[in-house]
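One structure below.
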Protein chains: 2
Amino acid sequence: KIYNMSKMNVSETGSDLKCLTSWVEMDESSDFSIDNIPFGVCSFPGTTNARPRCCTRLGDTVIDLSTLSEAGLFDVIDHLDSPTYTFSRDTLNNFMTHPKQVWADVRMRIIELLVSPTSCNALTPDARLRTNLPLQKTAFHDVSSENEYIQVQMHLPATIQDYTDFYSSREHATNVGTMFRDPANALNPNWTRLPVGYHGRSSSIFVSGHKVTRPCGQLQLNPTDASEGSEYGPSRLLDFELEVAFFVGGKPNPHGERLTMEQSSERIFGFVLMNDWSARDIQKFEYVPLGPFGSKNFATTISPWIITTMALEKYKCPTSYEAQEPIPLEYLQDKDYSSYDIELGVAIMSENTKEPVKVSKSNLRNLYWNAKQQLTHHSVTGCIMNPGDLLASGTISGSSTESLGSMLELSWKGTREVKLGPEVRKFLKDGDTVIMTGFAQKEGLGRVGFGCCSGKVFPYVSTSGNMPVLDSSNTTSDRYTDFKLYGYWRSSCTWRVHVALNCKSISFTHKEVDLLQEDQKKMEYADGVNPMKQVPVLECTDTVTGDRLRFTQSLPIIDFIEEAFSE
Amino acid sequence: KIYNMSKMNVSETGSDLKCLTSWVEMDESSDFSIDNIPFGVCSFPGTTNARPRCCTRLGDTVIDLSTLSEAGLFDVIDHLDSPTYTFSRDTLNNFMTHPKQVWADVRMRIIELLVSPTSCNALTPDARLRTNLPLQKTAFHDVSSENEYIQVQMHLPATIQDYTDFYSSREHATNVGTMFRDPANALNPNWTRLPVGYHGRSSSIFVSGHKVTRPCGQLQLNPTDASEGSEYGPSRLLDFELEVAFFVGGKPNPHGERLTMEQSSERIFGFVLMNDWSARDIQKFEYVPLGPFGSKNFATTISPWIITTMALEKYKCPTSYEAQEPIPLEYLQDKDYSSYDIELGVAIMSENTKEPVKVSKSNLRNLYWNAKQQLTHHSVTGCIMNPGDLLASGTISGSSTESLGSMLELSWKGTREVKLGPEVRKFLKDGDTVIMTGFAQKEGLGRVGFGCCSGKVFPYVSTSGNMPVLDSSNTTSDRYTDFKLYGYWRSSCTWRVHVALNCKSISFTHKEVDLLQEDQKKMEYADGVNPMKQVPVLECTDTVTGDRLRFTQSLPIIDFIEEAFSE
């Protein structure tokens, strides 16, 4: 039987699918409604599925696509030769390399499996997942905040060979031009003619939750005279930039052949939120004439779930600009000049108050150059665009003061204070956590949101002379502290973990669980520590997220230790 | 037995090894003397070794390291767990990830295997390769120009996630500053304080021999007034840039922790020549304020063999600058401020004359910031530096007029003509082949050269309206023409190739070799076509290099067809 979904026009999929509901229990306010169906890469430490694999998410349920494909639930998809091969990869690159029709088919297939049988729509619900409880047990992972046993780790969704950052918000470019150049000619002449951008650094792109170490670099001594030179030190003007980025999919264009606007449209896989961390003072001294370098290469954070263009289709909207003036050159003209109505927000949580305070509220429609135009322009020279490449929007600022997408603009170059509850900021302080959110919502449709993109600022790594003396709070191995091992002295599995902890010189407290006394079955342990009623269990605190983590089963525990203390 | 070479200090290896000679026949003027031992990745189409693997080269002999390691010849190396795994990879990334001592040990091991037994040196020659003729037959591939059966294809030596281009030649930066900004203040104040650089595009890095398509982009209408806008078209000011780049090796530094000068020194794997093709007119309109983008992302060519720091050690020399003034900040101070004495040359071959004419002669010592300083500065913000990352020098110009490393400087912004035999150039024309060479040579030492880094300019891919109409001479499938198949009607192997050619709609002429008449053993065929005296043989012309190619054995032939016509 050939799956006939692939015969549907991509733009049609979804239009008949209003008021969908799922049989999977979920909160209606969730970013991940059945109209969303994002793609990401997760691992489940402490389970037998500790290797990263491709997943989707519905409400607070992470769904392992490799497990579903092993059960044959994707066998009906045309042109996806081996779903199990594709979804058991530790990145989405293989899936992304397929044509857009395959992405759309897979998404619709997931909806068919998850939609409730009574949902009013043109689809035929498929009962094979709904009625298969053992399969649900393996494939579903609860990430609701009530679940104390969350064992889901998000990973970068793709191997990103090349990352490019554009500068496509007219308000942001105008603000920066006004502050640093000439208010009368804030926008350079090229800005309205092409999407200005620069190549960024891939090695420092991290998924939400990764720590951000304050960078060091050269800071100009006299702010008004660069010729007096610079000094070495940690950035004092650390900033966030609110951006949205998209992953390129499809087959690479041959070298020397540019993409048309229509081809670009087929090659946009989906979007993520991005915080393009920036060190304004490092940037100031270094950026003439070749652009930002160290000021941007220390960290870039993205949200872990990729929201597809199919999910966003229903949220297409005009940009904040009726039309582009001057009219772009022909290769950059978009007959369907549009954006997506995605509300964006930035909150900062100080280490003192532990209370996120909203500092900015913007919208994707504030971009002057859209994703199709960015991709088309990127390829105009014949540059090869590979699946997994990441292209970011640049800071998305709107025209009102509360819609500015960076501290540079919010504090107007440090001349205004930004309120943070009882505190104030001009730029970011150590201990600040920057939390970005984004979602699209409309009457009668499920919410399509991005989850969050968050990162916490850690102090710079101090150095003494030319030899770095590591601040002990900043080594990777110090991310996890306060280890506690539940075990029994006659359990060889417990000893296995014991040995691993000692190998890595990790100090820990031991909590004896007397198996002969059946301590493991007592409520205190079975409910509070390990419902599997087994030893060993390793607990530790993740200082980046503040979460208390709990791992079960000796081999996954050792995998975790090896990974966390590999450096 | 533990291989005691690994106990030798890296800097000592080589110092006692003067006047080495090899038992392998070679020309004394070869770039690839026994003092060199470069690393690269090759495949041997038309043989059973058609998958790319790691190789070295001595004179005109390419030596397959994966075959040597399968024979156990690297088993003695400490800290290289599985030589066969490492050298059978299709990139050098795995090898590069090892510590510098392992690179040095492998290099010395190769020298032991190749050095002639009578060579005057402190090494103990190992006879296991010299006396094993069958192993030589498998591992050695003759690439001398006399050999009509060359079946060696070079590949990118590593997967390059991130590529950075610096701007470290004082003369080049001064020349550019003089032309485009202010002759009185040609160098920006930051230039003497830090190695200015920008992140480049990895997807368009190709190995020598790849074609370079003239890029299209936005060209400023009025050269003196950007506000009049731009037009779309092929670059008219296509240029080369003479550069040297290095590959990073070793384990990545943890995020947030910079490299010291000493650590950087251990992380430089080796060097290649680089042509950083540039479109000056595209650059002019786009580059303010974020730096070059499309003007640089269409093609970058590197020489295929990586020349190690161990091989270059004996050619260390002072830079063209006694000392750096102003003294760099402490983190950038190099106690051993030095360079390598590598003579660099650029020649251009016009399609009309077919005669390369030297247009530039420079030297690596002309760089103000050396590789260690570039790498250290790159990591100062805590940026992760991965094995396989490529860092380029920027155009290497000297102080004399013949030592300028780009047409921009040689023609002084198009105001002077550069002689090319009977022709002249200001910038590059379609059909021009740019050939870069580099080598180090000293009395009593073997020559350590880079081979060549060449690329030919092809016309831009013409477009009609918004829809690209491919110039038929530019599709990948048209690279190879004039197919001729030698075969016999009763040979199933011949039919296999027949079918493959038909599948791809490739027209070809058939040349019957009557096996019953023993045509295959006749001199005409055995000497002129296939010394293995077998059918089928496929011949075709490579329009990029102009070479007539010949492939034997049906499966490798089909592999070639599949690869050449995959797009």
Side-chain angles (χ1 to χ4, degrees), chain A residues 161-162 167 188-190 193-194 196-204 213 215-218 226-227 229-232 254-258 260-261 279 282 285-294 297-298 326 329-331 380-386 461 465-468 470 474-476 567, chain B residues 161-162 167 188-190 193-194 196-204 213 215-218 226-227 229-232 254-258 260-261 279 282 285-294 297-298 326 329-331 380-386 458 461 465-468 470 474 476 567:
Chain A
Q161 192 191 9
D162 280 301
Y167 186 57
N188 282 305
N190 59 9
R193 267 103 177 175
L194 55 83
V196 171
Y198 67 98
H199 302 116
R201 178 85 191 170
S202 298
S203 73
S204 54
T213 306
C216 291
Q218 295 201 17
S227 70
S230 57
E231 63 180 337
Y232 172 84
H255 169 235
E257 297 178 25
R258 69 170 168 87
T260 61
M261 205 61 76
I282 295 175
F285 188 64
E286 75 176 3
Y287 94 107
V288 175
L290 299 184
F293 181 61
N297 73 12
F298 62 95
L329 294 179
E330 197 179 355
Y331 81 95
V380 71
T381 54
C383 180
I384 298 172
M385 306 306 299
N386 285 308
V461 177
N466 217 13
M467 197 57 199
L470 300 183
N474 278 292
T475 58
T476 307
E567 286 161 307
Chain B
Q161 191 188 11
D162 280 302
Y167 187 57
N188 281 306
N190 59 10
R193 267 100 176 178
L194 56 84
V196 171
Y198 67 98
H199 303 116
R201 179 83 191 172
S202 297
S203 73
S204 54
T213 306
C216 290
Q218 295 202 17
S227 70
S230 56
E231 62 181 337
Y232 171 83
H255 169 234
E257 297 179 24
R258 70 170 168 87
T260 61
M261 205 60 76
I282 295 175
F285 188 64
E286 75 177 0
Y287 93 108
V288 175
L290 299 184
F293 181 61
N297 72 12
F298 62 95
L329 293 179
E330 197 178 357
Y331 81 95
V380 70
T381 54
C383 180
I384 297 172
M385 305 306 297
N386 285 309
F458 281 71
V461 176
N466 218 14
M467 196 59 197
L470 299 183
N474 277 293
T476 306
E567 286 161 308

Non-neighbouring partners of A:Y287 that pass ring pair (Phe, Tyr, Trp, His ring centres under 6.0 Å), sequence neighbours left out: none
Heavy-atom check, side chain of A:L290 versus side chain of B:P292, under 4.5 Å: yes
Portion of A:N188 that has a non-hydrogen atom of chain B nearer than 4.5 angstrom: side chain
Heavy-atom pair count under 4.5 Å with chain B, highest-scoring of A:N297, A:V288, A:V380: A:N297
Contact origin within B:L329 toward chain A - heavy atom pairs under 4.5 Å: side chain
Where A:F285 and B:N190 come nearest, the two heavy atoms and their spacing: O-ND2, 2.9 Å
Interface residue of largest heavy-atom contact number with chain A, from B:G294, B:P215, B:G217, B:C216, under 4.5 Å: B:C216
For the student: nearest non-hydrogen atoms of A:F298 and B:H255, plus distance: O-NE2, 2.9 Å
Any side-chain heavy-atom pair of A:S203 and B:D162 under 4.5 Å: yes
Test item: A:F293 and B:H199 side chains (from C-beta on) under 4.5 Å apart, heavy atoms: yes
Minimum side-chain heavy-atom gap B:V196-A:E286 below 4.5 Å: no
Top contributor to chain A interface from B:P326, B:A279, B:G291, B:G382 [non-hydrogen pairs under 4.5 Å]: B:G291
Heavy-atom pairs under 4.5 Å with chain A, option from B:G229, B:S230, B:C383 with the top count: B:C383
Nearest-0.5 Å distance that lies between atom CZ in A:R201 and atom CD in B:Q161: 7.5 Å
Closest heavy-atom pair and its distance - A:A226, B:R193: O-NH1, 4.4 Å
A:Y331 and B:Q218: side chain donor to acceptor below 3.5 Å: yes
